[in-house]
Amino acid sequence: MLMKLQHEQQQHYKHRGNPRNKEQEQEVLNWIFEVLGEKVPAGQYEDILKDGIVLCKLINKMAPGSVKKIQERGTNFQLMENVQRFQAAIKKYGVPEEEIFQTADLFERRNIPQVTLCLYSLGRTTQHHPEYNGPTLGPKMAEKNVREFTEEQLRAHNAELNLQMGYNKGASQSGHGGFGNTRHM
């Protein structure tokens, strides 16, 4: 029965156009437990993260004191609060709000790829924190891309008239006849 349910969930994600990437999920788990200094436990990705305990420990390791209270056990509602505390902490840490998953995405397995995206974003955000010296996740962020132009190059551009400036080589609407009239050919 459990296998059938897992298969249905996987099919559900495939049909939503948001496929899961097992390699990325494993990379995220490896990163999390490397940061925590613990061995990756056996089990499914979403089951390891579902109660939010690991996530709260992760953000507390990166930014001590971010989550004051972690529910180690309790009702589903109490465990969901762990996930919500984690979400608030990573938002404060600098993860863009649009990349933070919804609680139901993880707790009810609605959108596990969004959870992975969020954790990659957290890993990337650590690069903006010089006090963080732990392992990294994902590509290195670009720093600066300063471009220098000479005065001559800037003037040459100002001499150009492009279509965005309204110049359209003599084409006009004269003879159109105004709005609402039919077009005579």
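- Y45 is listed as a side-chain neighbour of V115, based on a closest heavy-atom distance under 4.5 Å.
- Residues C118 and I90 are in side-chain contact: their nearest non-hydrogen atoms beyond the backbone lie under 4.5 Å apart.
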Problem set entry | Residues R20, E46; criterion salt bridge (Lys or Arg N to Asp or Glu O under 4.0 Å); working and verdict | CA-CA 11 Å; R20 292 179 61 174; E46 59 272 25; 2.7 Å; yes

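- Atom-to-atom distance recorded for T75:OG1 and M80:CE is 9.5 Å, nearest 0.5 angstrom.
- Side-chain N/O atoms of T126 and Y93 include no donor and acceptor closer than 3.5 Å.
- Between L122 and W31 there is a side-chain heavy-atom pair separated by less than 4.5 Å.
- Other residues, nucleotides and ligands contribute over 12 non-hydrogen atoms within 6.0 Å of the CD atom of E98.
- Side chains of V83 and L49 form no contact here, defined as non-hydrogen atoms less than 4.5 Å apart.
- E25 and T116 make their closest contact through CG-OG1, 3.7 Å (heavy atoms, listed as atom of the first residue, atom of the second, distance).
- Interatomic distance, CD of Q102 versus CZ of F107, reported as 15.0 Å (0.5 Å rounding).
- Taken to the nearest 0.5 Å, the NZ atom of K68 stands 12.0 Å off from the SG atom of C56.
- A pairwise comparison of heavy atoms in A89 and V67 identifies CB-CG2, 4.1 Å as the closest pair.
- In this structure, I70 CD1 and L79 CG are separated by 12.0 Å, a value rounded to the nearest 0.5 Å.
- Under a cutoff of 6.0 Å and an axis angle of 45°, K39 and F33 do not form a cation-pi pair.
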Exercise. Could you walk me through whether T103 and Q87 pass the side chain to side chain donor-acceptor pair (under 3.5 Å) check?
Worked result: CA-CA 8 Å; T103 306; Q87 291 164 325; 3.1 Å; yes

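- More than 12 heavy atoms of other residues, nucleotides or ligands sit less than 6.0 Å from atom CD of E81.
- Under the 4.5 Å side-chain heavy-atom criterion for Ile, Leu, Val, Met, Phe, Trp and Tyr, L117 and V28 are members of distinct hydrophobic clusters.
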Problem set entry | Step-by-step side chain to side chain contact (heavy atoms under 4.5 Å, CB included) determination, L106 to N111 | CA-CA 7 Å; L106 174 59; N111 192 351; over 6 Å; no

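- With hydrogens and angles left out, the side-chain atoms of Q24 and K22 include no donor and acceptor closer than 3.5 Å.
- Taking CD1 of I112 as the start and NZ of K50 as the end, the distance is 10.0 Å to the nearest 0.5 Å.
- No donor-acceptor distance shorter than 3.5 angstrom exists from the side chain of D105 to the backbone of Q114, with no hydrogens or angles considered.
- At a threshold of 4.5 Å between side-chain heavy atoms, the hydrophobic network of Ile, Leu, Val, Met, Phe, Trp and Tyr places V95 and V54 in one connected group.
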For this session: Please report the C-alpha distance between L137 and V35 in whole Å, then the side-chain angles of each, then the deciding distance to 0.1 Å, and finally whether the side chain to side chain contact (heavy atoms under 4.5 Å, CB included) criterion is met.
Result: CA-CA 10 Å; L137 176 67; V35 170; over 6 Å; no

For this session: Show the numbers, then the answer: is there a side chain to side chain contact (heavy atoms under 4.5 Å, CB included) between F86 and I53?
Result: CA-CA 9 Å; F86 168 76; I53 296 169; over 6 Å; no

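- At a threshold of 4.5 Å between non-hydrogen side-chain atoms, the residues I48 and L29 count as touching.
- Minimum interatomic distance between S66 and N60 (heavy atoms only, all atoms of both residues): N-OD1, 3.0 Å.
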Exercise. Stepwise, does the salt bridge (Lys or Arg N to Asp or Glu O under 4.0 Å) test hold for E99 with K91?
Worked result: CA-CA 9 Å; E99 292 182 354; K91 183 178 177 186; over 6 Å; no

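- Side-chain contact between S121 and P96: present, with at least one pair of heavy atoms (C-beta onward) separated by less than 4.5 Å.
- Here the shortest heavy-atom pairing between Q78 and G74 reads OE1-CA, 3.1 Å.
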For this session: Evaluate the criterion side chain to side chain donor-acceptor pair (under 3.5 Å) for residue pair Q26 and N30; output intermediate values, then yes/no.
Result: CA-CA 6 Å; Q26 190 59 52; N30 292 342; 3.0 Å; yes

Problem set entry | Test side chain to side chain contact (heavy atoms under 4.5 Å, CB included) applied to Q71 and R85, step by step | CA-CA 10 Å; Q71 290 288 135; R85 289 181 186 119; 4.0 Å; yes

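- In this structure, NZ on K61 lies 14.0 Å from CD1 on I32, to the nearest 0.5 angstrom.
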